[in-house]
Structure formats: C-alpha cells, structure tokens
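Before any comments, here is the structure.
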Amino acid sequence: MDYNKLAELLFPHITKDPAEYEALYPQRELPMGAKVTRLGPSPTGFIHLGNLYGAFVDERLAHQSGGLFYLRIEDTDDKRQVDGAVEAIISSLEFFGVSFDEGATMDGDKGEYGPYHQSQRAEIYQTYVKQLVQRGAAYPCFCTEEELSAIREEQESLKENPGYYGKWAKHRDLSFDEIQSRIEAGQAFVVRLRSKGIPGGSGEARTISVEDGIRGTLTMPENEQDVVLLKATGIPTYHFAHVVDDHLMRTTHVVRGAEWLPSLPIHVELFQTMGWDLPIYCHTAQLMKMEDGNKRKLSKRKDPELSLDYYRSEGYHPKAVREYLLTILNSNYEEWRMEHPDAPQEAFPFTVEKMSNSGTLFDLDKLNDISKDVLVKIPATELASFLIEWARAYKPEILALLLENQDYLIKILDLGRSGDKPRKDFIYARQMFDFISYFYDDYFQQEDAYPDNVTAADASVILSSYLESYDHQDDQAQWFDKIRGIAQANGYAAKPKDYKKNPVQYKGHVGDVSTVIRIALMGRSMSPDLWEIQQILGEDKTRERIQRMI
RNA sequence: GGCUCCAUGGUCAAGCGGUCAAGACACCGCCCUUUCACGGCGGUAACCCGGGUUCGAUUCCCGGUGGAGUCACCA
C-alpha cells in the first residue's frame, strides 16, 4: 500500500507540512518551572461548580508558578452547540473571579497560539492526520452506524470487549482500490488510529504507567482501540484535538476531571505516535451529590441547582463561593485561613499534592457557613452595591426600593456588625433581602407569633404602655430601663436571672416583653438590636407600627 | 460485564507503623446576653470486612465488599 498516495486521496486540499505549525507555535519563553494550563469547556451553555473547581486549580497552578492560563473553546461537537454559550461561560467565570491570560474572550481570540476555538482549527488537525496516514498510522473507515452496532452486538454475544480493534476493525486493511472506489461513490468516512496496542483477549496485553500530579503513579492497560481521530465532518474527536492542541499550545499541565481517567491510555498512545512529550496530567476528584442515600457525580442534566447560574441568581458572593471551593480543593486551606483570617485568597500556597482524590460531596451548610464569615468582612457600602446589582439582575421589583434611599440601606446592612463580635446574619443576596425586608413597609408582615407565655391581653397592655412611655430621644440605657419597668408592672421579671431562680413567681421575664415589642415592630422574633432598629426606622414609623399592632 | 479510581464520625477532612485517632460544618447541652444572633465552653459520633507483613497496624501487601467513573463519529 502506498500511503502517500492514500494520504493525497484523502486530503488533497491539505498542502501544509506539520513542521510549519511547529515553527508557528514555538516553545513558550517562560521562567523555569512555569506552568501552562488551560480550561477547555465545550459550549453547551451550562457550566457548574465542578468546572469552576477545576478552573481554580488551573488558575492557581499557572499564576503561582509565573506561567499562564488560557481559555480554549472545545466546540468540536456540532450537535450540541448552544447560541451565546461562549459568552455565558466567560461571563460566569469572570463573575466568580476567574480570568485568563490568553485565549477566547468576549471580543475574539487573544494570544499567539490560536485560534482558540477548535472549530477553527480544522486545517491544523487535518494536516497532522494526513501525516499519520502517510506513515500508515491512521486509516479511513467507512463503517456505518448500523455496521458498528452489529459489531458491538456480536462482541456482546461472544462476551468480548466491545469496540473497534484488532480483528474487529473491518476496514483496517482495505486496499487502495477499494478505498478509492468508496470515495468516488461518495461514501463518508472517518479516520481511525491504527493502534499498536495488543488486544487484551490475546493474553499478551501490556500495561502503561503514567505519573499523575494528583494521584501519583497510574497503571492501566495500554490502548487497543482504533479510535476515531477525525469525524466524517473533518472535525477531530476530543481525543485528537486534545493531543494536538495541548502540544501546539504548549500546555504543561492538563487538569481535568477523573471521568477522563479511562481514556488516558488513548491519549498516551496518541502522544507517543505523534512523537510528543506527555503533559503532566492532574485528574481531579469529582464533585458529588447525595441522592437516595448514595453519592453520585454532579450531572449537567440532572442537577441544574449546581449550575453556576444558580449561585449567581441566589446572590452568593463570588468571594464566598471561591472560599468554599478553596476549602474543599486543598485540605489545608481551612487551617491556613484560621491562621490568616484577613489574607487574600491568592496568598494561600496551593499544591496539587494536598488535593483530595476521592469524590467530595457538595455541602450547602458548609458553603453557607463560610459565606457568613466572608460577608461579615465586607463593608456595608460594598454589600449594599452588591445587593443592588443582584436585584438589578434577579429581583428587579425591589430595585427602586433599594435605590431610593441608599444611606438607609447601608445603615440597615451595617446593624450589629461593629465590635469584636459582629453578627453574621447574611449569607446570600436573596436571603439578605428577606432578612432586612421588614425595614420596607411593602414587605413588612407578621411572621412570628407572641411567645406562648404571653397572653393577648398582656401583649396589648405591654404595647400600650410602651407606646405611652416611648421617647425617641432616650439612649439605649434609658430606653431599656423603661422596658424593665413595663415588665415588672405586668408580672414579668426585670432580669432573666430572677425568673430562673423563681419561675413560679413570674409569668416570664423581660426578654418576653422585648419579644412582644420586637414582633410588633419587625413582625418576627429574630432581628438585630431593637433600640438600634428603632433609631434607623425613625420615631414616626416606630409609633405607627406599635399603634397598628394594638 | 470489562477496565479504572476511591474507602477515617451525618458531611468535609488531618493522619503518612506506636496518637486518649486533630480540626471544620451540622446536631445536642451549658454559659454570656434585654430577645434573636455573634461569641465561649462542653458533648454525641469514625478508621468497611478478612487474611497476611511486623514486637506493633487506621497507616504497608493481598483478597473480598461497598461506592463512583468509563466503555460514542459527546466532551
């Protein structure tokens, strides 16, 4: 078989030589040890926490080593394209603080190693495939879907490994004439690798071992499959695109999810037959979800609530999400954070060795807890703008309300946050607004009932005397003395301790009296300090609400 | 089913041959407090099973079991 002739038959339009590309994309000039990483999302319009998790690893690895991090769009599957998906991905990642040094951007590609959209690299891939055909390392296959599934069925009935390999590779040794006549007949074809692997069934199977940055030495059987390199459309499969691109773009570290582990042998054989060095693979653990008592990998289809857009629309602060991801990313992050409560996240010395390699369950409680700690450190003015921006995008009906009096909003958000032990009331924007909503008349409503030990009659008396004695000018001590007085006058202990000593003697204590007032004013039993709230609310509104409750 | 990865409390997770087996979240109790929080203190709770190796295994090896992932002209 004259492979050169075959290559010309298959790729008459390809005139470039691979060497041209090697020259076009030279070794990068970077300091020793600098890592080049990349994120390669496919634009299906959906990006979730797991993607962000991986992106952080890439980003940290690159920037901590003085290297660079680029974005490559892996749009080789024409059936799954979603309009605007690339923009959505970039905007989502940007919101959560992931930025790229190179690659696809909102306004086109940036960088010397592009194009960064795989769909625009067809000629490059074909040039390399042509070379492979010339060397006899790849061949055209005309099998139809039906033929392929027939092979599979037969393999299943014989209990042999499924796939296109060895004796099952029907078109592996087609004659030139046969190929030519099929092409002239207009038959579609894919190009397959002529794998050098020895089929496992023969008992001669060999193994390969690969050093993984996270997992150490990986041992697995070598590849035996004649995998598809180029689809009938002339666009490569992931496998081939990965190998060509990461070589040409000079990627040093390939960070990807553990679901890629099974196809690692394919990539190893591909790198070998191309004669290129293997990048360092870092296979990260999957983010899992609990379902029916079992852990399960996060799925794009089934778990829309784990999409990045979900967190954005709930109003989680990007810093909080990052902080959470960092804590599950590196086992010593939490410890480091306790020692450096105010250090920026970038100061953390991230290492792949400290990454967990078993599946991590996503824990909303933990995220919420971390979020509280993060938000408490953000100044009220910043929090106010954050809340406003969130409302603009996700809850426009409250936007005018927030914008109307921003000083008021800032005061509200700042309640109880000064001092050594600030309150940690805020978790995410949607919850924040719920939490402070009673400050706005349109959203003020009775949510909680009076304590059980306070009768309706008592409550009414308490409120009446409170209103009567209320002086907006009172300082906190004066104000509270009056409440003590009201408590005592109505059979409630002025101090909780008195009540505890002698529970039978009282109906309750001053706390119950405060709760009645609190419910009248806020409609709920949980809120920051009463006196401070009244100062923000103003005298008129305070009186009005008490009056209405009576 | 083949192949691969993983295995410490409910969850996350230290540990890397000898520890009363850290810590965080959640949960419970107490304290502080005018309530709610915040904070402080304390508590319940774990090395999947069976063989080895060793003076000694959570830790190393083998075998089970369990969970997960993957077997496409998807990535």
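Since this is a predicted model, take the numbers as computed values, not measurements. By convention in this document, chain letters (A, B, ...) are assigned in the order of the sequence lines, proteins followed by strands, and residues within each chain are numbered from 1. The figures here come from the full heavy-atom set of this structure, side chains too, leaving out hydrogens, waters and symmetry mates.
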When rounded to the nearest Å, what value does the distance between [atom1] atoms of [N] and [M] take?
| N | M | atom1 | value |
| --- | --- | --- | --- |
| B/C61 | B/C25 | C1' | 36 Å |
| B/G66 | B/C27 | C1' | 27 Å |
| B/G23 | B/G42 | C1' | 16 Å |
| B/U44 | B/A37 | C1' | 25 Å |
| B/C71 | B/C16 | P | 38 Å |
| B/A26 | B/U11 | P | 16 Å |
| B/U70 | B/A75 | C1' | 13 Å |
| B/C31 | B/G50 | C1' | 49 Å |

[X] near the nucleic acid: base, sugar-phosphate alone, or nothing, with a heavy-atom cut-off under 4.0 Å?
| X | value |
| --- | --- |
| A/Thr515 | sugar-phosphate |
| A/Asn368 | nothing |
| A/Gln118 | nothing |
| A/Lys482 | nothing |
| A/Val190 | base |
| A/Arg524 | nothing |

Under 3.5 Å, is there any donor-acceptor pair linking the side chain of A/Lys366 to the base of B/A24?
yes
Between the side-chain atoms of A/Glu259 and the base atoms of B/U4, is any donor-acceptor pair under 3.5 Å?
no
Please output the side-chain donor-acceptor pairs of residues 229-240 of chain A that fall under 3.5 Å, not counting sequence neighbours, one pair per line with the distance.
| unit_1 | atom_1 | unit_2 | atom_2 | d |
| --- | --- | --- | --- | --- |
| A/Lys231 | NZ | A/Thr76 | O | 2.8 |
| A/Thr233 | OG1 | A/Ile235 | N | 3.4 |
| A/Thr237 | OG1 | A/Val228 | O | 2.9 |
| A/Tyr238 | OH | A/Arg256 | NH2 | 3.3 |
| A/His239 | ND1 | A/His267 | NE2 | 2.8 |

Between [X] ([atom1]) and [N] ([atom2]), how many Å, whole number?
| X | N | atom1 | atom2 | answer |
| --- | --- | --- | --- | --- |
| A/Trp336 | B/A14 | CH2 | P | 18 Å |
| A/Leu264 | B/C71 | CG | P | 14 Å |
| A/Glu339 | B/G23 | CD | C1' | 12 Å |
| A/Asn161 | B/C3 | CG | P | 8 Å |
| A/His509 | B/C32 | NE2 | C1' | 14 Å |
| A/Leu325 | B/C12 | CG | P | 15 Å |
| A/Leu218 | B/U70 | CG | P | 16 Å |
| A/Asp365 | B/U11 | CG | P | 13 Å |

Among [options], find the nucleotide with the atom closest to the side chain of [X].
| X | options | value |
| --- | --- | --- |
| A/Thr76 | B/G23, B/U4, B/A75 | B/A75 |
| A/Lys424 | B/C74, B/U4, B/C38 | B/C38 |
| A/Leu261 | B/A75, B/C5, B/U34 | B/C5 |
| A/Met220 | B/U34, B/G15, B/U4 | B/U4 |
| A/Pro262 | B/U34, B/C73, B/G69 | B/G69 |
| A/Ile328 | B/C73, B/U34, B/C12 | B/C12 |
| A/Ser42 | B/A75, B/U4, B/G39 | B/A75 |

Base partner of [N], which must satisfy Watson-Crick or wobble distances under 3.5 Å:
| N | value |
| --- | --- |
| B/C73 | none |
| B/G29 | B/C41 |
| B/U53 | none |
| B/A13 | none |
| B/G66 | B/C6 |
| B/C47 | none |
| B/U34 | none |

Map A/Trp260 and A/Gly163 onto RNA chain B by nearest heavy atom, then report which one ends up closer to the 5' terminus.
A/Gly163
Want to settle it: does A/Met338 or A/Phe142 sit nearer the 5' end of RNA chain B, counting the closest nucleotide to each?
A/Met338
Check whether any side-chain N or O of [X] sits under 4.0 Å from OP1 or OP2 of [N], and answer yes or no.
| X | N | value |
| --- | --- | --- |
| A/Lys497 | B/U34 | no |
| A/Ser331 | B/A13 | no |
| A/Arg256 | B/A75 | no |
| A/Lys421 | B/U33 | no |
| A/Thr237 | B/C74 | no |
| A/Lys372 | B/C25 | no |

Does any N or O in the side chain of A/Arg194 come within less than 3.5 Å of the main-chain N or O of A/Tyr139, such that one atom is a donor and the other an acceptor?
no
Short question: side chain of A/Arg337, backbone of A/Ala343 - any donor-acceptor pair under 3.5 Å?
yes
Under-4.0 Å salt bridge between A/Lys354 and A/Glu335:
no
So that I can tick it off, tell me whether A/Lys372 and A/Asp369 are bridged by a salt bridge, with the cut-off set at under 4.0 angstrom between side-chain N and carboxylate O.
no
Could you tell me the separation between the CD atom of A/Gln225 and the CG atom of A/Leu193, rounded to the nearest 0.5 Å?
10.5 Å
Rounded to the nearest 0.5 Å, how far apart are CZ of A/Arg524 and CE of A/Met522?
9.0 Å
Do A/Tyr450 and A/Asp512 meet the criterion of a side-chain donor-acceptor pair at a distance under 3.5 Å?
no
Give a yes or no on whether the ring-centroid distance for A/Tyr316 and A/Tyr324 is below 6.0 angstrom.
no
